[in-house]
S.K.: 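For reference, the structure I am asking about is given below.
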Amino acid sequence: MWFQTYCNVRIKDKEFEPYISSSDIQSTIQKIADQINTDYSGKSVIFVGVLNGAFMFAGDLLKNIDFNCEISFIKVASYEGTSSSGKVHELIGLVNDIKDKHVIILEDIVDTGLTLNKIFSMINHDEPASLEVASLLYKPEAFQGKHSPKYVGFEIPKKFIVGYGLDYLEEGRNTKDIYELKDK
Ligand code: 5GP
């Protein structure tokens, strides 16, 4: 649970207050890793982290994966400030050979699901053995996509959050904890 010693943070013109603590994040990631270790043991697996937001989640999750695997990254962008632009741009594609491998996409957060729609069409084109998603955070009320994440750390309401990889106007990614936008 959250301890009140964590303070609000200010990023550019907005103030954010504590929402999910580092210790809760780490214990949740351990549970996701345990599930993946059970489900994928003995399989040929490639994890694909979605930059920029998933870099911390990918790093901490992979430390707890106990089978040999590949890890790669792709980069897409859709958010402008505190809301989705509705258009998803591929900035860096996948270079690895994924044919007949089990692909697990690592997302920081699934909101509308439009980013996942785009990523699924990019990756399915290369004929993986299977394709699933692990997302640290998921906003089910905002979701309107075709592919919901199989592994979810925290289901959260429709609110704007930063920290632990998530940004506001490219700042705020470098915190251990997650913060929510403070109501005025
Ligand atoms: P979707 O395409 O599912 O709407 O959005 C996915 C991407 O939007 C995430 O990978 C993330 O970059 C960004 N995003 C969605 N919700 C939030 C949020 O609450 N805070 C931040 N900082 N980014 C978000």
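Side chains are part of it too, since the values below use all heavy atoms of this structure and drop only hydrogens, waters and symmetry mates. Numbers for residues simply follow the sequence, beginning at 1. Keep in mind that this is a model prediction, so the values were computed, not measured.
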S.K.: Show your reasoning for whether side chain to side chain contact (heavy atoms under 4.5 Å, CB included) applies to V162 and I178.
M.R.: CA-CA 6 Å; V162 295; I178 292 175; over 6 Å; no

S.K.: When rounded to the nearest 0.5 angstrom, what distance separates NZ in K118 from CD in E90?
M.R.: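 One finds 6.0 Å between NZ of K118 and CD of E90.
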
S.K.: Show your working on side chain to side chain contact (heavy atoms under 4.5 Å, CB included) between V50 and V76 and close with a plain yes or no.
M.R.: CA-CA 7 Å; V50 183; V76 294; 3.6 Å; yes

S.K.: Does a donor on one side chain and an acceptor on the other come within less than 3.5 Å for Y19 and D24?
M.R.: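 There is no such pair (donor and acceptor under 3.5 Å, judged by atom type) between the side chains of Y19 and D24.
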
S.K.: Measure the acute angle between the ring planes of Y168 and F160, then classify it against the limits of 30° and 60° as parallel, tilted or perpendicular.
M.R.: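 Aromatic pair Y168/F160 classed perpendicular.
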
S.K.: Taking atom types as modelled and ignoring hydrogens, do the side chains of Y164 and N174 form a donor-acceptor contact shorter than 3.5 angstrom?
M.R.: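 The answer is no; no qualifying pair exists.
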
S.K.: Is the closest side-chain heavy-atom distance between L61 and I36 below 4.5 Å?
M.R.: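 The answer is yes, as the side chains (C-beta and beyond) meet within the 4.5 Å cut-off.
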
S.K.: So do L116 and S148 actually touch side chain to side chain, heavy atoms under 4.5 Å?
M.R.: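 Of all side-chain heavy-atom pairs linking L116 with S148, none is under 4.5 Å.
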
S.K.: Heavy atoms, side chains only, cut-off 4.5 Å: are H89 and L91 in contact?
M.R.: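 Yes; the side chains approach each other to less than 4.5 Å.
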
S.K.: When rounded to the nearest 0.5 angstrom, what distance separates CD in Q26 from OG in S21?
M.R.: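 Taking CD in Q26 and OG in S21, the distance rounds to 9.5 Å.
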
S.K.: How far does CD1 of I20 sit from OG1 of T28, to the nearest 0.5 angstrom?
M.R.: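 One gets 8.0 Å once the value is rounded to the nearest 0.5 Å.
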
S.K.: Please examine the side chains of L169 and D167, heavy atoms only from C-beta on, and report whether any two atoms are closer than 4.5 Å.
M.R.: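 Sidechains of L169 and D167: no contact.
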
S.K.: Within the 3.5 Å criterion, strictly below it, is a donor on D39 or Q35 matched to an acceptor on the partner's side chain?
M.R.: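 Note: D39 and Q35 side chains miss the donor-acceptor criterion.
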
S.K.: At what distance, to the nearest 0.5 angstrom, does NZ of K43 lie from OG of S130?
M.R.: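 Answer rounded to 0.5 Å: 6.5 Å.
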
S.K.: Drop me the distance from L114's CG to I119's CD1, to the nearest 0.5 angstrom.
M.R.: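 Rounded to the nearest 0.5 Å, the CG-CD1 separation comes to 11.0 Å.
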
S.K.: Quick one: which of L136, L137, D108, L166 gives a side-chain contact (heavy atoms from CB on, under 4.5 Å) with F57?
M.R.: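 Going through L136, L137, D108, L166 one by one, the side-chain contact (heavy atoms from CB on, under 4.5 Å) with F57 is satisfied by L136 alone.
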
S.K.: Going from CD1 on I105 to OG on S135, what distance comes out if it is rounded to the nearest 0.5 angstrom?
M.R.: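 Going from the CD1 atom of I105 to the OG atom of S135 covers 10.5 Å.
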
S.K.: Looking at side-chain heavy atoms only, is the closest gap between R173 and N52 below 4.5 Å?
M.R.: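 Yes. Closest side-chain heavy atoms under 4.5 Å.
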
S.K.: Stepwise, does the ring-ring contact (aromatic ring centres under 6.0 Å, His included) test hold for Y138 with F143?
M.R.: CA-CA 8 Å; Y138 177 41; F143 187 73; 5.6 Å; yes

S.K.: Return yes if some donor-acceptor pair links the side-chain N/O of K159 with the main-chain N/O of L181 below 3.5 Å, else return no.
M.R.: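 Side chain of K159 to backbone of L181, a donor-acceptor pair under 3.5 Å: no, none is there.
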
S.K.: Do K14 and I11 make a side-chain contact, defined as non-hydrogen atoms from C-beta onward lying under 4.5 Å apart?
M.R.: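 The answer is no, as the side chains (C-beta and beyond) never meet within the 4.5 Å cut-off.
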
S.K.: Please report the C-alpha distance between V133 and F120 in whole Å, then the side-chain angles of each, then the deciding distance to 0.1 Å, and finally whether the side chain to side chain contact (heavy atoms under 4.5 Å, CB included) criterion is met.
M.R.: CA-CA 10 Å; V133 180; F120 266 69; 3.5 Å; yes

S.K.: For the pair K31 and D34, find out whether any cationic side-chain nitrogen is under 4.0 Å from an anionic carboxylate oxygen.
M.R.: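 Salt bridge flag = no for D34 with K31.
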
S.K.: Measure the shortest side-chain to side-chain distance between I92 and F73 over non-hydrogen atoms and say whether it is less than 4.5 angstrom.
M.R.: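 Result no, sub-4.5 Å side-chain heavy-atom pair not found.
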
S.K.: Do E141 and K158 sit within salt-bridge range, that is, some charged N less than 4.0 Å from a carboxylate O?
M.R.: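 Result for this pair is no, no salt bridge flagged.
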
S.K.: Quick one: does any side-chain atom of D126 pair with a main-chain N or O of P128 as donor and acceptor, under 3.5 Å?
M.R.: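 Checked: no pair found.
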
S.K.: Check whether more than 12 heavy atoms from other residues, nucleotides or ligands sit under 6.0 Å from atom CG of N68, and answer yes or no.
M.R.: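 No, not enclosed.
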
S.K.: Closer than 3.5 angstrom, by distance alone: can the side chain of D177 be matched with the main-chain N or O of S22 as a donor-acceptor pair?
M.R.: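 Yes; judged by distance alone, with no hydrogens or angles, the pair exists.
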
S.K.: Under a 3.5 Å threshold, yes or no: a donor from one side chain and an acceptor from the other, between S72 and N96?
M.R.: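 Distance-only check passes for S72 and N96.
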
S.K.: So which atom in E155 and which in P140 form the shortest heavy-atom distance, rounded to 0.1 Å?
M.R.: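 In this case the closest contact between E155 and P140 is OE1-CG, 3.5 Å.
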
S.K.: Could you check whether any side-chain heavy atom of I161 comes within less than 4.5 Å of a side-chain heavy atom of I109, counting everything from C-beta outward?
M.R.: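 In contact.
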
S.K.: Would you say N117's side chain and K146's backbone share a donor-acceptor pair under 3.5 angstrom?
M.R.: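 Checking the backbone N and O of K146 against the side chain of N117, a donor-acceptor pair under 3.5 Å is found.
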
S.K.: Applying the side chain to side chain donor-acceptor pair (under 3.5 Å) criterion to N8, which one of E17, E15, K182 satisfies it?
M.R.: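 Going through the options one by one, the only one that passes is E15.
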
S.K.: Is K101 salt-bridged to E70, going by a charged N under 4.0 Å from an acidic O?
M.R.: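 Salt bridge: yes.
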
S.K.: Working note: M122 + I74, criterion side chain to side chain contact (heavy atoms under 4.5 Å, CB included); need CA distance, chi angles, decisive distance, verdict.
M.R.: CA-CA 10 Å; M122 283 162 62; I74 56 175; 4.2 Å; yes

S.K.: Return yes if some donor-acceptor pair links the side-chain N/O of N37 with the main-chain N/O of D66 below 3.5 Å, else return no.
M.R.: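 Yes; judged by distance alone, with no hydrogens or angles, the pair exists.
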
